[in-house]
Amino acid sequence: MPYHSTPLDLAFHALSDPTRRAVVSRLSEGEVPVSVLAEPFDMALPSFAQHLKVLEDCGLIASEKRGRSRWCRLVQARFEEAADWMQAERRRWTERLDRLEVYLDKTEEEDGENGKNV
């Protein structure tokens, strides 16, 4: 299986970087030009642009040219896909833990009936 083969893999890879997470946090307040987005980061604009490219390639953000500026915004669909995946995983693990709890309670009851101390 190729590394980062699905859009969801790419999204989680993109979000693994603190700079890119900070960009996403800033964009959650609304769209802004790249120059404004880059201001708080201590890096050259070409380096910052690489972070934006990763976010855009995986579909977390989109950008468009407006006059002399390039503006960035979040793309909600990819975030919803990631949230859906996490919710499904949470539900699956909750069900597993519930089944484990039932099993342990049953085992404890059986041990008590057989005179074993737990």
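Positions are given from 1 along the sequence.
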Let me check something: any side-chain donor-acceptor pairs from residues 38-47 under 3.5 Å, sequence neighbours excluded? List them with distances.
none

Subject >> R20 and V54: CA distance, side-chain angles, deciding distance, side-chain contact (heavy atoms from CB on, under 4.5 Å) verdict >> reply: CA-CA 8 Å; R20 294 190 286 264; V54 171; 3.7 Å; yes

Original post:
Where do M86 and D84 land on the side-chain contact (heavy atoms from CB on, under 4.5 Å) test, with the steps shown first?
Top reply: CA-CA 5 Å; M86 287 186 282; D84 290 347; over 6 Å; no

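In this structure the side chain of P7 reaches within 4.5 angstrom of the side chain of R78, judged on heavy atoms. Within the 4.5 Å cutoff, the side chain of V24 has heavy atoms near those of the L55 side chain. A heavy-atom distance below 4.5 Å is not found between the side chains of K53 and F48. The closest side-chain heavy-atom distance from H51 to D17 is below 4.5 Å. Between R21 and T19, the closest side-chain pair of non-hydrogen atoms is not below 4.5 Å. Side-chain contact between T6 and D9 is present, with at least one heavy-atom pair separated by less than 4.5 Å.
Sorted by first then second residue, the salt bridge (Lys or Arg N to Asp or Glu O under 4.0 Å) pairs that include residues 92-101, not counting sequence neighbours, are E89-R92.
A14 and C58 make their closest contact through CB-SG, 3.7 Å (heavy atoms, listed as atom of the first residue, atom of the second, distance).
Placement of V32 and V34 within a single hydrophobic cluster is found when ILVMFWY residues are connected by side-chain heavy-atom separations under 4.5 Å, directly or transitively. Under the 4.5 Å side-chain heavy-atom criterion for ILVMFWY residues, a single connected hydrophobic cluster contains both V23 and L15.
Heavy atoms of other residues, nucleotides or ligands lying less than 6.0 angstrom from CD of E64 number more than 12. Within a 6.0 Å sphere centred on CZ of R66, heavy atoms belonging to other residues, nucleotides or ligands number more than 12.
The SG atom of C72 sits 5.0 Å away from the CG atom of L52 when rounded to the nearest 0.5 Å. Note that CD of Q76 and CG of L60 are 12.0 Å apart. Values are rounded to the nearest 0.5 Å. Here the CH2-CD1 distance, from W71 to I61, works out to 14.0 Å after rounding to the nearest 0.5 Å.
Of the possible donor and acceptor atoms, one in the side chain of E56 sits under 3.5 Å from a partner among the backbone N and O of S63. Under a 3.5 Å cut-off, the side chain of R26 and the backbone N or O of L37 do not form any donor-acceptor pair.
Between E109 and K106 no salt bridge is recorded (no basic side-chain N to carboxylate O distance below 4.0 Å).
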